[in-house]
Amino acid sequence: MTVLQASHLNKYFYQPERFPVLTNISFEIQRGEFLTIVGKSGCGKSTLLYILSTMDTDYEGTLTIGGRLLTGLKQPDLARFRNEHIGFVFQFHFLLPEFSVLENVMLPALKLGRFSREETESRAYEKLRLLGVHEQALKAASKLSGGQQQRVALARALINDPTLIMGDEPTGNLDSANAKNAFDILQDLARQGQTIICVTHDQEFAARSDRTIVMSDGMIVSQ
Amino acid sequence: MYSTNFRIAKTHLLAKKKQTIVAILGVTFGIAMYVLMASVLTGVNKLVDNLAFQATAHIRLYKEADINRESVLETVYRGSNTLVKVHHQKPIREKLYLRNASEILDDLRRMPQVTGVSAQVSSPVFYNFGSVQFNGTLLGVNIFDEDRLFDLKGQLKSGRLENLLANPNSLLMGIGLARKMNVLEGDNVTVVTPRGVVFVLKVVGIYKSGIGALDNVRSYTNIGTVQKLLQTDPTYITDINIKVRDVYSAAGLAPQWAKRYGVKAEDWATANSTMVASNKIRDIMTYIVSVTLLVVAGFGIYNIMSMTVNDKMKDIAILKATGFSGRDIIQIFLTEAVIIGILGALLGVVLGFVFSWMVSKAPFDGGDFISIDHFPVNFNPVFYLIGVVFGVVTTLLAGYFPARRAADIDPVAILRG
Ligand SMILES: Nc1ncnc2c1ncn2[C@@H]1O[C@H](COP(=O)(O)OP(=O)(O)OP(=O)(O)O)[C@@H](O)[C@H]1O
Ligand SMILES: [Mg+2]
């Protein structure tokens with residue numbers, strides 16, 4: 001079953017002048033697939049991921065997730081869609097510094113409102129334990145190390161059991177043991193039916209995934 | 001859903017306590033000053049109003065020296081083609097009294113909009129007590145009619161109104177005059193008119209209207225006494241004071257009655273035009289200062305909210321990335337503004353009350369003109385209500401634009417770093 005379909009995506013940046021960042025990107029991902037995207041720095045991986053995550057709507061082509069055409073939808077609908085169906089780990093781990101680790105993980109779930117507060121809290125603990133940062137749960141997010149923050153961000157991406165989990169180098173700041181743990185978790189989730197898309201520079205990480213898309217200069221050179 | 005946004009707003013406010021407190025104090029100060037201004041200025045207005053109504057009837061009928069009368073020459077040559085001009089006519093010697101006073105009184109008493117009528121005869125006199133002599137006015141009235149208009153009973157410091165009726169040769173003296181002459185209730189004072197008529201009157205009471213300008217010169221006695229002093233007949237009435245049901249109808253009624261009775265009629269607003277004007281000025285001042293204070297407080301909030309939004313660009317981007325919509329973002333920042341507004345406004349009215357109370361306790365000498373010893377303050381709950389409502393509305397407005405901007409932030413642009 002196709003979960004995500006991108007067809008003929010084109011994107012331009014206008015600074016300093018109009019130039020193509022993504023050219024004719026088309027691909028599909030099946031449910032339960034663990035996909036990695038690799039390519040040289042600056043080739044457009046993050047840009048592509050922002051489009052796939054529905055945050056960037058300034059592109060040509062179409063994007064369909066779970067059978068639903070997302071191209072052209074209004075911001076509030078996209079926000080709602082992201083909240084329910086997409087978990088995102090940013091390249092530069094971004095937590096809300098004024099909130100505790102636990103609250104950071106809980107917020108998307110509280111927004112979704114699928115579970116009660118108590119359930120949400122216990123689920124958040126569970127995700128944090130999975131990534132080995134449950135002992136930091138009550139600390140302020142800003143007091144964590146880079147690797148810890150990245151793991152919390154991953155826990156946050158998982159909290160709503162999203163259809164799609166997207167990561168922009170989600171293991172970039174982790175030591176090899178933790179990177180392996182993170183990979184195992186993602187692989188586990190893929191086996192259970194969630195779909196993973198990760199941008200990575202890590203050869204080994206890419207090699208262990210189900211499929212790898214290679215990009216160069218805004219184009220897909222192999223998939 | 002809202003509870004989550006509320007929690008986020010609360011966390012933001014608590015994380016930046018200093019900034020939040022400064023924002024709250026900005027509103028507090030604005031509202032407190034508004035309450036103080038409004039209370040004090042309207043307090044003064046109210047006092048002046050009350051005093052004016054204590055000294056001035058709603059409408060006064062009297063006779064005025066007729067300067068613009070036709071000269072004899074003009075009467076003779078009227079209609080002929082002769083140009084006649086009489087320069088600088090002097091007023092003729094005429095008695096300034098209301099000719100058909102008793103008919104006017106009867107007519108007025110029958111009118112439904114009239115709630116009180118009091119006839120007066122006044123005369124300038126010299127008061128002599130021992131070897132001191134003061135000039136002043138002696139007012140002949142029917143004391144109960146006068147009481148209905150000006151609450152004389154409430155003004156009495158000693159003695160009783162009834163005493164005046166029991167003894168025809170008696171008077172109620174203004175407290176300022178009594179003090180100046182060192183007169184006490186029971187003393188006899190000698191009264192001399194400009195024409196040299198001398199009467200001895202007994203002081204049977206002392207009153208205090210609160211207006212120094214009156215209390216220092218005026219005494220009440222029976223109408224007949226003044227008529228005798230002036231050597232006139234019992235129909236001689238110089239003034240008719242009228243109280244009407246609606247004070248604001250006075251300005252319209254006065255000219256009607258002037259025409260109807262062929263006399264001069266003056267309404268209270270005309271008689272106190274300086275007071276009415278200064279009340280208006282105080283009202284305008286209240287508005288200007290209040291609006292200024294609230295606008296300044298509003299800009300304060302706008303500034304702080306703008307700064308907060310700038311500080312929180314990243315957070316806003318993250319919230320949007322994880323599924324919070326523009327509406328949620330607006331809700332979060334508006335909630336922050338409203339919390340600041342409500343806390344600021346509540347603190348503001350409390351502080352405003354404290355300030356007003358302090359001012360109301362501060363000793364203040366009204367001087368000779370008005371006898372008050374504390375500053376007049378109007379503790380009207382409406383100001384407190386307006387303060388809270390304005391505080392909250394201003395902060396809502398001031399918070400809306402930064403919140404709008406926050407909602408429009410493009411998360412991708414921020415998250416790229
Ligand atoms: N806002 C922007 N305006 C103009 N050009 C941009 C903008 N953002 C990115 N670019 C350019 O677009 C290209 C693709 O950037 P992108 O961040 O997608 O690269 P990437 O593949 O993720 O690189 P990395 O592996 O270093 O993260 C780069 O050449 C970058 O300089
Ligand atoms: Mg990148």
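As a basis for the values below, the full set of heavy atoms in this structure was taken, side chains included, without hydrogen atoms, waters or symmetry mates. The shown structure was predicted, so the numbers you read here are calculated from the model rather than taken from an experiment.
- Environment of CZ in R80(A): sparse, with no more than 12 heavy atoms of neighbouring residues, nucleotides or ligands closer than 6.0 Å.
- Remark: F13(A) CZ is packed, more than 12 non-hydrogen atoms of other residues, nucleotides or ligands lying under 6.0 Å away.
- Within 6.0 Å of the CZ atom in R327(B), the count of heavy atoms belonging to other residues, nucleotides or ligands does not exceed 12.
- To the nearest 0.5 angstrom, L415(B) atom CG is 5.5 Å from M55(A) atom CE.
- Chain B forms more heavy-atom pairs under 4.5 Å with one residue of A140(A), P108(A), P162(A) than with any other, namely P108(A).
- Around the CZ atom of F205(A), the shell of radius 6.0 Å holds more than 12 heavy atoms that belong to other residues, nucleotides or ligands.
- Within a 6.0 Å sphere centred on CG of D217(A), other residues, nucleotides and ligands contribute 12 heavy atoms or fewer.
- Contact of the L96(A) side chain with the I8(B) side chain is not registered, since no non-hydrogen atoms from C-beta on lie closer than 4.5 Å.
- By the 6.0 Å contact criterion, CZ on F401(B) is open, its count of non-hydrogen atoms from other residues, nucleotides or ligands being 12 or less.
- A heavy-atom distance below 4.5 Å is not found between the side chains of E98(A) and L14(B).
- Between K320(B) and Q75(A) the shortest side-chain heavy-atom distance does not fall below 4.5 Å.
- Around NZ of K139(A), the count of heavy atoms belonging to other residues, nucleotides or ligands within 6.0 Å exceeds 12.
- Here the closest non-hydrogen pair linking A321(B) and F90(A) is CB-CZ, 3.4 Å.
- The two atoms that bring I318(B) and F94(A) nearest to each other are CD1-CB, 3.4 Å, heavy atoms only.
- Judged by distance alone, with hydrogens and angles left aside, the side-chain atoms of N83(A) form a donor-acceptor pair with the main-chain N or O of T322(B) at under 3.5 Å.
- Here the CD atom belonging to E103(A) is positioned 5.5 Å from the OG1 atom belonging to T11(B), to the nearest 0.5 angstrom.
- Interface remark: T47(A) contributes backbone and side-chain atoms alike to the contact with chain B (heavy atom separation under 4.5 Å).
- With hydrogens and angles disregarded, no donor-acceptor distance shorter than 3.5 Å links the side chain of R416(B) to the backbone of S46(A).
- Between H12(B) and F99(A) the shortest side-chain heavy-atom distance falls below 4.5 Å.
- With values rounded to the nearest 0.5 angstrom, S325(B) atom OG is found 9.5 Å from R82(A) atom CZ.
- Heavy atoms closer than 4.5 Å to chain B are found in the side chain of Y50(A), but not in its backbone.
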